[in-house]
Amino acid sequence: MLNYKFLAEHDPEVMAVVKKEMKRQIEEMEMIASENYVSKAVLEAMGTVLTNKYSEGYPGHRYYGGNQVIDEVENIAIERAKKLFSAEHVNVQPLSGSPANAAVYFAFLKPGEKVMGLRLDHGGHLSHGHPVNFSGMLYNFVQYEVDSETGKIDMEKVREIALREKPKMIVAGYSAYSREIEWQKFKDIADEVGAFTFADIAHTAGLIAAGEMNNPVPFFDVVTTTTHKTLRGPRGAMIMCKERFAKQVNRAVFPGMQGGPHDHINAAKAVAFGEALKPEFKIYAKQVVANCKVLSEEFIKRGYRVISGGTDNHLIVVDMTSKGLLGKEAEVILDRIGISVSRSTIPNDPNPPMNPSGVRFGTPAITTRGMKENEIRKIAEWINDAIEQKEEIELLDKIRIEVKEMCERFPVPSI
Ligand code: DSN
């Protein structure tokens with residue numbers, strides 16, 4: 001286990017909690033679609049002295065002295081990100097996904113202007129126009145949906161809404177959608193109505209960088225991503241855009257929304273982008289998708305309703321009512337056997353977001369541990385046994401031990 005020697009001596013109370021979480025991560029299985037395990041190098045970069053620096057502004061144009069080294073770090077991150085996604089301009093300073101999205105709206109829109117985004121309960125993100133989120137409060141969002149039969153986005157319907165509503169911006173890219181996105185069709189529709197194209201690729205960025213999924217960056221106006229999901233970097237985000245929007249995007253991030261960038265995190269982003277440029281990362285991303293396809297098939301085989309009937313990426317959303325329970329109950333049962341998942345709404349969910357009908361499963365983290373198709377088949381069997389025999393305490397205890405044993409055979413690389 002990682003040995004945080006100075007933290008342990010200096011603050012045993014905090015160290016004890018960190019140690020408990022390390023143990024949990026080592027012994028349990030992470031199937032939350034938005035989580036992953038960073039490398040040792042990414043972890044180390046986050047703990048560097050770069051955290052001591054203030055550096056408002058951008059490389060070559062800072063509002064504080066002593067930023068020559070910070071400029072170098074930020075430039076490495078920018079150059080690697082450009083290469084990874086074929087981006088014309090990159091801003092690596094956004095602190096996380098929602099702030100990055102806020103900066104995009106701020107850069108391109110005036111409050112009250114019309115935007116199209118996917119409904120949260122159909123797979124969209126809070127920051128894509130939900131009424132309780134700043135996006136839904138400050139902008140006039142029109143929400144599109146997935147088709148209730150196929151569970152997929154119907155581009156004809158998207159076009160109909162766009163022609164009727166004439167939005168200023170169309171948002172694509174989602175948090176709980178398991179299918180490839182027709183970026184070109186979104187672009188054509190946006191061009192037809194004179195809208196900006198905005199892709200939020202937070203979930204699939206690693207798969208896109210590896211060439212496993214289509215890349216919207218070369219032809220969308222602006223794209224955001226978090227850096228910590230399939231991209232396997234530190235918690236954080238970035239914005240990529242066409243060169244002609246560079247100035248307004250930079251201004252929206254700083255001074256518009258944020259103060260000093262987190263330079264230690266930007267160093268870790270640079271390390272993660274460097275890792276994603278290596279051939280091994282392509283193999284990893286391919287395996288993430290292959291594992292998820294097997295997971296989906298295993299659930300379908302056992303009578304679960306998988307939304308959209310399968311997956312093209314790293315996640316699936318499963319309707320748990322097909323097995324007579326709700327998402328929260330399934331989440332608790334799976335926690336009991338040492339598998340973390342997140343409950344999820346399903347399209348047109350009759351149940352509320354706190355207790356929705358579905359569970360979202362993801363394969364990025366377990367694939368980082370080296371698990372492949374055979375392990376996925378076993379995991380699906382454990383999950384199904386636990387769900388179907390949830391009252392059998394002895395069985396749940398036995399599965400928990402087996403999950404732990406598998407975790408020990410596939411250690412978290414950085415811990
Ligand atoms: N919290 C992230 C997810 O789980 O998808 C999105 O912000």
Side-chain angles (χ1 to χ4, degrees), residues 25 28-38 94-105 117-136 141 143 146 151 153 171-179 181 198-208 213 223-239 257 265 269 272 288-289 292 295 306-308 311-318 320 327-328 330-331 334-335 339-347 349 353-368:
Q25 291 192 15
E28 297 187 12
M29 219 171 261
E30 204 55 76
M31 294 188 78
I32 291 175
S34 47
E35 295 185 11
N36 213 329
Y37 306 108
V38 297
L95 302 178
S96 208
S98 282
N101 290 354
V104 166
Y105 299 136
L118 184 67
R119 273 172 60 163
L120 178 76
D121 60 346
H122 284 231
H125 188 255
L126 272 171
S127 64
H128 298 175
H130 195 278
V132 300
N133 184 262
F134 77 90
S135 54
F141 263 86
Q143 304 260 262
V146 297
I153 291 162
V171 188
Y174 317 108
S175 295
Y177 185 69
S178 62
R179 295 303 187 169
I181 296 165
F198 168 23
D200 177 346
I201 59 168
H203 263 266
T204 51
L207 308 180
I208 290 171
M213 296 195 82
V223 177
T224 58
T225 182
T226 47
T227 45
H228 48 272
K229 297 184 175 92
T230 49
L231 197 47
R232 216 163 56 178
R235 302 301 285 252
M238 66 176 162
I239 305 176
M257 308 276 313
I265 298 297
K269 287 176 189 171
V288 168
V289 178
C292 205
L295 186 67
V306 173
I307 305 303
S308 88
T311 183
D312 301 321
N313 61 24
H314 64 299
L315 69 83
I316 50 172
V317 176
V318 180
M320 284 295 159
K328 190 175 167 188
E331 186 187 295
L334 298 182
D335 247 345
I339 296 180
S340 300
V341 296
S342 48
R343 73 194 88 146
S344 172
T345 51
I346 58 169
D349 204 327
M354 261 318 273
N355 193 16
S357 302
V359 166
R360 189 185 62 169
F361 293 87
T363 52
I366 54 176
T367 308
T368 293

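Atoms within each ligand, like the ligands themselves, are counted from 1 in listed order.
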**Student:** Could you work out, with side-chain contact (heavy atoms from CB on, under 4.5 Å) as the rule, every residue matching Ser175, not counting sequence neighbours?
**Tutor:**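 Result, side-chain contact (heavy atoms from CB on, under 4.5 Å) vs Ser175: His125, His203, Arg360.
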
**Student:** What are the atom names and distances for all N or O pairs under 3.5 Å between ligand 1 and the protein?
**Tutor:**
{"residue": "ligand 1", "atom": "4 (O)", "partner": "Ser34", "partner atom": "OG", "Å": "2.7"}
{"residue": "ligand 1", "atom": "4 (O)", "partner": "Arg360", "partner atom": "NH2", "Å": "2.7"}
{"residue": "ligand 1", "atom": "5 (O)", "partner": "His203", "partner atom": "NE2", "Å": "2.7"}
{"residue": "ligand 1", "atom": "5 (O)", "partner": "Arg360", "partner atom": "NH1", "Å": "2.9"}
{"residue": "ligand 1", "atom": "7 (O)", "partner": "His125", "partner atom": "NE2", "Å": "2.8"}

**Student:** Sequence neighbours excluded, which residues qualify as ring pair (Phe, Tyr, Trp, His ring centres under 6.0 Å) partners of Tyr105?
**Tutor:**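 Tyr105 satisfies ring pair (Phe, Tyr, Trp, His ring centres under 6.0 Å) with Tyr139, Phe141, Phe198 once adjacent residues are dropped.
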
**Student:** With rounding to the nearest 0.5 Å, note down the distance linking CZ in Arg179 to CD1 in Ile316.
**Tutor:** 10.5 Å

**Student:** Under the 3.5 angstrom rule, does the side chain of Asn313 hit a backbone N or O of Tyr177 as a donor-acceptor pair?
**Tutor:**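 Side chain of Asn313 to backbone of Tyr177, a donor-acceptor pair under 3.5 Å: yes, one is there.
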
**Student:** Could you tell me whether the side chain of Ser357 and the main chain of Asp349 form a donor-acceptor pair under 3.5 Å?
**Tutor:**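 No, because the side chain of Ser357 does not come within donor-acceptor range (under 3.5 Å) of the backbone of Asp349.
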
**Student:** Output all residues satisfying salt bridge (charged side-chain N to carboxylate O under 4.0 Å, His left out) with Arg235, sequence neighbours left out; order by chain, then residue number.
**Tutor:** none

